[in-house]
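Written out below as structure tokens is the structure these notes cover.
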Amino acid sequence: QVQLVETGGGLVQTGASLRLSCACSRCIFSNFGMGWFRQAPGKEREFVAAISWTGSTDYADSVKGRFTIFRNNAKNVLFLQMKSLKPEDTAVYYCARGRTGLAATSILDYDYWGQGTQVTVSS
């Protein structure tokens, strides 16, 4: 069974940086697109960033220029580097493995999910 485990969340102030990691075990990591999503209290889970198996990326407009998604296929690890964090970035962040090798933006295009890591940005 594929297992995804996110780490790196925490409580930070506005303008700070954080790097999230997602370790994928028992999975064929390099052949699949990977994504980051987030869910704030009372809101639906939303797309944040995705990376294809070839390394092409896509971002939500709200994080473009501030967040960077990248992957280490040799170690089966996905990353999300977050800069200039804002209070509206506060959410539980989830990584997910895509059903294909594309950098998909829809929740429906992902079949395995991690348990999430909390990111809280104070003003």
Side-chain angles (χ1 to χ4, degrees):
Q1 179 73 5
V2 172
Q3 186 175 21
L4 299 169
V5 178
E6 303 97 334
T7 55
L11 171 63
V12 297
Q13 292 185 330
T14 296
S17 297
L18 274 178
R19 177 179 290 187
L20 305 183
S21 300
C22 171
C24 187
S25 59
R26 295 190 290 275
C27 69
I28 304 173
F29 182 81
S30 61
N31 292 352
F32 293 90
M34 299 291 296
W36 287 98
F37 292 76
R38 67 187 181 187
Q39 188 166 17
K43 295 187 177 181
E44 294 186 352
R45 193 170 299 189
E46 65 175 6
F47 168 73
V48 174
I51 185 167
S52 73
W53 73 284
T54 61
S56 61
T57 59
D58 198 0
Y59 296 93
D61 288 343
S62 59
V63 307
K64 279 181 183 175
R66 300 189 298 122
F67 291 11
T68 302
I69 185 172
F70 57 104
R71 62 195 297 166
N72 183 328
N73 287 339
K75 297 186 176 181
N76 283 3
V77 182
L78 177 73
F79 300 95
L80 185 69
Q81 180 68 50
M82 305 185 292
K83 303 185 305 182
S84 303
L85 283 162
K86 306 174 182 180
E88 50 264 44
D89 295 318
T90 295
V92 177
Y93 283 71
Y94 300 89
C95 73
R97 196 192 76 169
R99 299 180 189 274
T100 71
L102 301 177
T105 62
S106 170
I107 288 175
L108 298 178
D109 291 323
Y110 292 84
D111 53 4
Y112 292 100
W113 295 81
Q115 83 290 346
T117 185
Q118 177 71 48
V119 172
T120 303
V121 184
S122 64
S123 57

Is the closest side-chain heavy-atom distance between [X] and [Y] below 4.5 Å?
X      : Y      : value
Gln118 : Thr90  : yes
Glu44  : Ile107 : no
Asp109 : Thr100 : no
Met82  : Trp36  : no
Leu4   : Leu78  : no

[X] and [Y]: which non-hydrogen atoms are nearest, and at how many Å?
X      : Y      : answer
Thr105 : Phe47  : O-CB, 3.4 Å
Arg26  : Gln1   : NE-O, 3.0 Å
Leu11  : Ser122 : CD1-CB, 4.4 Å
Val48  : Val63  : O-CG2, 3.5 Å
Tyr59  : Ala49  : CD2-CB, 3.6 Å
Ala50  : Ala104 : CB-O, 3.3 Å

message: Quick check on the hydrophobic clustering: are Tyr94 and Leu20 connected, directly or via other members, by side-chain heavy-atom contacts under 4.5 Å?
response: no
query: side chain to side chain donor-acceptor pair (under 3.5 Å): which pairs involve residues 66-77, sequence neighbours left out?
result: Arg66-Asp89, Arg71-Asn73
Rounded at 0.5 Å granularity, tell me how far [atom1] in [X] sits from [atom2] in [Y].
X      : Y      : atom1 : atom2 : answer
Arg19  : Thr7   : CZ    : OG1   : 11.0 Å
Leu102 : Thr54  : CG    : OG1   : 8.5 Å
Lys86  : Ser123 : NZ    : OG    : 14.0 Å
Tyr112 : Met34  : OH    : CE    : 12.0 Å

Partners passing ring pair (Phe, Tyr, Trp, His ring centres under 6.0 Å) against Tyr110 (at least two apart in sequence or in another chain): Phe37
message: Against Phe79, only a single residue in Phe70, Phe67, Tyr93 fulfils ring-ring contact (aromatic ring centres under 6.0 Å, His included); can you say which?
response: Phe70
query: Would one find more than 12 heavy atoms of other residues, nucleotides or ligands at under 6.0 Å from atom CH2 of Trp53?
result: no
message: Can a donor-acceptor pair be found, under 3.5 Å and without considering hydrogens, that links the side chain of Glu6 to the backbone of Gln115?
response: yes
